[in-house]
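Excluded from the calculations below are hydrogen atoms, water molecules and symmetry mates; all remaining heavy atoms, backbone and side chain alike, are included.
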Amino acid sequence: MEADADDREVLLHLREQKLAWQERLMEEQQEKAVESVGTVEDRAAEAEERARRAYEECQAMDEVLQVEHEKLLDAEQMIEYLQDSLEEEKKSNADLRLRTRRLMGQELAALSLAELLSLQHEVLDAQRELSLHIARAAAGGQMIGKWQWQTEDGTFEAFSLEACMKIDGHVAHSEECFEVVNRGKRVRINVPSLEQEVVGGSGKRRRIRHADDIMLKEPSWVPQAAPVALVDVDPNTSDYTRVLQATFGAAGLVDQFLLVRVQRVQNTFLWRKFEAERRNIIQLRGAAEVHERTLFHGTRNHAPQEIVLRREGFMVDHAKDGLYGKGLYFAVQPCYSHAYVHYSHDGFGTKHYHLLMCRVLCGRSKKMGLRVDRTMTRLKLPPAQFDSVEGGPHHPHGVGPGPSCSNMFVIYQDAQVYPEFIVTYRGRGP
């Protein structure tokens, strides 16, 4: 009996050891599983970071390629112009040679001093024009055809190609003030002030500009000395009218507020990044899927200038979580964004509000309606199918319709937005 009891104790001990080994084995397997999951997550994060860097490098390469493409277009335009100009030069030179032969057929001693000087003047003019053509061709023709003047509505129109050529010639000889004929009108050009006025006209001076690749696409931008500028918009221009209608239209802020000031953002860093992203969407989905919209954004505690004057502009990294995750939120109706608007006080204590009116590349939007997903990210869209989220209508203090409600668009990439105007307004009260 004692032997049986001993055997049972040994058996129980062995079972306890087996259970202990099994528990230890399970714990080790769980630890390995946790380590494996952590390793997978780390690898996924590293892969996502590598993909993000690769995407940014592709964007930078797209910008370089676009600049080179535009230079090529400029060169092609220059070649075409030079071909036309050379044809004109051939005709002019033929006439000059014919006259010279006629004159040379006479005895030079019989020519008067005035006739000799006139002949010399014509020859020198022809040589000067030819030298100018050669200089422009050697420089790549970047100056030709890009001089523009400001019209009544604030947009810029191109001088005639002949006038551009004349302006370039005067500028090349460091002349500051001169006259050229532009589309049948003689105008006086002042290079230091970048202004022109019609000779014999009212005396009103208008801005001129030598348009770069950005200005050729932005007809209202005025010349700027630095890559970033904030420009006051004249109330008599089309830009001002467009902002007034969008912000204070039928569904805008017209009932409670008055427009005080409009400032146009001329940030070449953000513009190039924005245009590169436009090309990316066109390449991925086609031009019909770009869906650029004019939308509004309130910057809360941050002055809009802190965003629009930076090289980086909007940054998703600084965004707060919202109804559709951590992204950049833009409203269709300005009354919605007014709930988040930044404000300041002038010297008289009057409260001024500062709202951003932005151009947003919505691309293909994932339509959420009244549904909310606070865990939304760019990867969850996913980016292969969608570029943004469209939700609403929501009101500023909750989900769904309500006072000051609006549809909203949410983007998860900084490059999809360009802050076009800072709109300053105040209440209608005294």
Practice prompt. For His352 and Ser344, run side-chain hydrogen bond (donor to acceptor under 3.5 Å, both in side chains): C-alpha distance rounded to whole Å, both residues' side-chain angles, the deciding distance at 0.1 Å, then the answer.
Written response: CA-CA 5 Å; His352 284 190; Ser344 62; 5.6 Å; no
Discussion item. Quick check for you: to the nearest 0.5 Å, what is the distance between Arg272 atom CZ and Asp213 atom CG?
Written reply: 4.0 Å
Fill in: Contact summary for Tyr329 and Lys320, nearest pair of heavy atoms
CE1-O, 4.4 Å
Discussion item. Can you confirm whether more than 12 heavy atoms, excluding those of Arg311, are under 6.0 Å from its CZ atom?
Written reply: no
Item to complete: Check the side chains of Thr375 and Lys380 for a donor-acceptor pair under 3.5 angstrom, ignoring hydrogens and angles.
Response: yes
Worksheet entry | Close side-chain approach of Thr247 to Met357, heavy-atom, < 4.5 Å | yes
Worksheet item: Looking just at side-chain N and O atoms, do Ser365 and Ser388 make a donor-acceptor pair shorter than 3.5 Å?
Response: yes
Practice prompt. Could you grab the distance from atom CD1 of Ile189 to atom SG of Cys177, nearest 0.5 Å is fine?
Written response: 9.5 Å
Worksheet item: So which heavy atom on Asn182 is nearest to which on Ser160, and how close?
Response: OD1-N, 2.9 Å
Worksheet item: Can Glu306 and Arg300 be said to form a salt bridge (Lys or Arg N to Asp or Glu O under 4.0 Å), step by step?
Response: CA-CA 12 Å; Glu306 296 177 10; Arg300 299 197 187 202; over 6 Å; no
Worksheet entry | Heavy-atom donor-acceptor pair, Lys366 side chain to Leu381 backbone, under 3.5 Å | yes
Practice prompt. Might you point out which heavy atoms bring Ala211 and Leu216 nearest each other, and give the distance in Å?
Written response: CB-CD2, 3.7 Å
Item to complete: Kindly determine whether Glu197 and Arg186 satisfy salt bridge (Lys or Arg N to Asp or Glu O under 4.0 Å), including the steps that lead there.
Response: CA-CA 9 Å; Glu197 63 175 299; Arg186 178 167 290 277; over 6 Å; no
Fill in: Evaluation steps, side chain to side chain contact (heavy atoms under 4.5 Å, CB included), between Tyr412 and Tyr324
CA-CA 10 Å; Tyr412 303 90; Tyr324 302 103; 3.7 Å; yes
Worksheet item: So, Asp153 side chain and Ser238 main chain: donor-acceptor pair closer than 3.5 Å or not?
Response: no
Discussion item. Tell me if the CZ atom of Phe386 is crowded by more than 12 foreign heavy atoms within 6.0 Å.
Written reply: yes
Practice prompt. Consider only side-chain N and O atoms of Gln266 and Trp271, and report whether a donor and an acceptor are under 3.5 Å apart.
Written response: no
Worksheet item: Is the backbone of Val423 close enough, under 3.5 Å, to the side chain of Tyr353 for a donor and an acceptor to pair up by distance?
Response: no
Worksheet item: If you look at every heavy atom in Ser337 and Ala331, which pair is closest and at what distance?
Response: OG-CB, 3.4 Å
Practice prompt. Mind checking the NE2-OG1 spacing from His345 to Thr350? Nearest 0.5 Å is all I need.
Written response: 8.5 Å
Fill in: Student check: side-chain heavy atoms of Glu420 and Arg242 closer than 4.5 Å
yes
Discussion item. Quick check against the 3.5 Å criterion: does Asp346 have a side-chain atom that pairs as donor or acceptor with the backbone of Gly349?
Written reply: yes
Worksheet item: Heavy atoms, side chains only, cut-off 4.5 Å: are Pro223 and Ile208 in contact?
Response: no
Worksheet entry | Arg378 side chain near Gln413 side chain, heavy-atom distance below 4.5 Å | yes
Worksheet item: Within 45° of the six-membered ring axis of Phe421 and under 6.0 Å from that ring's centre, is NZ or CZ of Arg264 located there?
Response: no
Worksheet item: Any side-chain heavy atom of Glu179 sitting closer than 4.5 Å to one from Val199?
Response: yes
Worksheet item: Does Val308 offer a backbone N or O that forms a donor-acceptor pair with the side chain of Asn267 under 3.5 Å?
Response: yes
Discussion item. Treating Thr237 as the side-chain partner and Val233 as the backbone partner, does any N or O pair qualify as donor plus acceptor under 3.5 Å?
Written reply: no
Discussion item. Could you report the tightest heavy-atom contact between Val191 and Glu175, atom names first, then the distance?
Written reply: CG2-O, 3.8 Å
Worksheet item: Going by the angle between their ring planes, with limits at 30° and 60°, are His397 and His395 parallel, tilted or perpendicular?
Response: tilted
Worksheet item: What's the verdict on salt bridge (Lys or Arg N to Asp or Glu O under 4.0 Å) for Arg374 and Asp321, showing C-alpha distance, side-chain angles and the deciding distance?
Response: CA-CA 7 Å; Arg374 296 181 181 275; Asp321 291 331; over 6 Å; no
Discussion item. I need the single residue from Arg293, Arg285, Arg278 that forms a salt bridge (charged side-chain N to carboxylate O under 4.0 Å, His left out) with Asp387. Which is it?
Written reply: Arg285
Worksheet item: What class does the angle between the rings of Phe330 and Phe314 fall in, given that below 30° is parallel, 30 to 60° is tilted and above 60° is perpendicular?
Response: perpendicular
Fill in: CD-CD distance between Glu277 and Gln416, expressed to the nearest 0.5 angstrom
5.0 Å
Worksheet item: Do Tyr418 side-chain atoms and Val265 backbone N/O form a donor-acceptor pair below 3.5 Å?
Response: yes
Worksheet item: Are Phe257 and Phe248 an aromatic pair by the rule of ring centers under 6.0 Å?
Response: no
Worksheet item: Does Ser406 have any side-chain hydrogen bond (donor to acceptor under 3.5 Å, both in side chains) partners at least two apart in sequence or in another chain, and if so, which?
Response: none
Worksheet item: For the residue pair Leu328 and Ala319, what are the closest heavy atoms and their distance?
Response: CD2-CB, 4.3 Å
Fill in: Side-chain heavy-atom pair Trp221, Ile214 within 4.5 angstrom cut-off
yes
Worksheet item: When rounded to the nearest 0.5 angstrom, what distance separates CD in Glu195 from CZ in Arg207?
Response: 8.5 Å
Fill in: Residues forming a side-chain hydrogen bond (donor to acceptor under 3.5 Å, both in side chains) with Arg209, sequence neighbours excluded
Gln148
Fill in: Check against side chain to side chain contact (heavy atoms under 4.5 Å, CB included), Val389 and Met376
CA-CA 9 Å; Val389 165; Met376 182 65 72; 4.1 Å; yes
Worksheet item: Using a distance-only test with no angle check, is there a side-chain donor-acceptor pair under 3.5 angstrom linking His342 and Thr299?
Response: no
Worksheet item: Are any non-hydrogen side-chain atoms of Thr155 and Gln150 less than 4.5 angstrom apart?
Response: no
Discussion item. I'd like to know if the side chain of His394 and the backbone of Cys405 have a donor-acceptor N/O pair within less than 3.5 Å.
Written reply: no
Worksheet item: Step by step, would you call Val180 with Val187 a side chain to side chain contact (heavy atoms under 4.5 Å, CB included)?
Response: CA-CA 6 Å; Val180 298; Val187 294; 3.7 Å; yes
Discussion item. If I take atom CD from residue Gln305 and atom CG from residue Leu356, how far apart are they, to the nearest 0.5 angstrom?
Written reply: 8.5 Å
Discussion item. Using the ring centroid of each side chain, check whether His338 and Tyr425 are separated by less than 6.0 Å.
Written reply: yes
Practice prompt. Give the C-alpha distance, both sets of side-chain angles, the deciding distance and a yes or no for side chain to side chain contact (heavy atoms under 4.5 Å, CB included) between Val262 and Asp239.
Written response: CA-CA 9 Å; Val262 177; Asp239 273 358; over 6 Å; no
Worksheet, complete the sentence: Sequence neighbours excluded, the answer for side-chain hydrogen bond (donor to acceptor under 3.5 Å, both in side chains) partners of Asp317 is none
Fill in: Check: Gln224 side chain, Pro227 main-chain N or O, donor-acceptor pair, under 3.5 Å
yes
Worksheet item: Is any side-chain heavy atom of Asp212 closer than 4.5 Å to a side-chain heavy atom of Met215?
Response: yes
Item to complete: Kindly say whether Glu152 contributes a backbone atom to a donor-acceptor pair with the side chain of Asn236 at under 3.5 angstrom?
Response: no
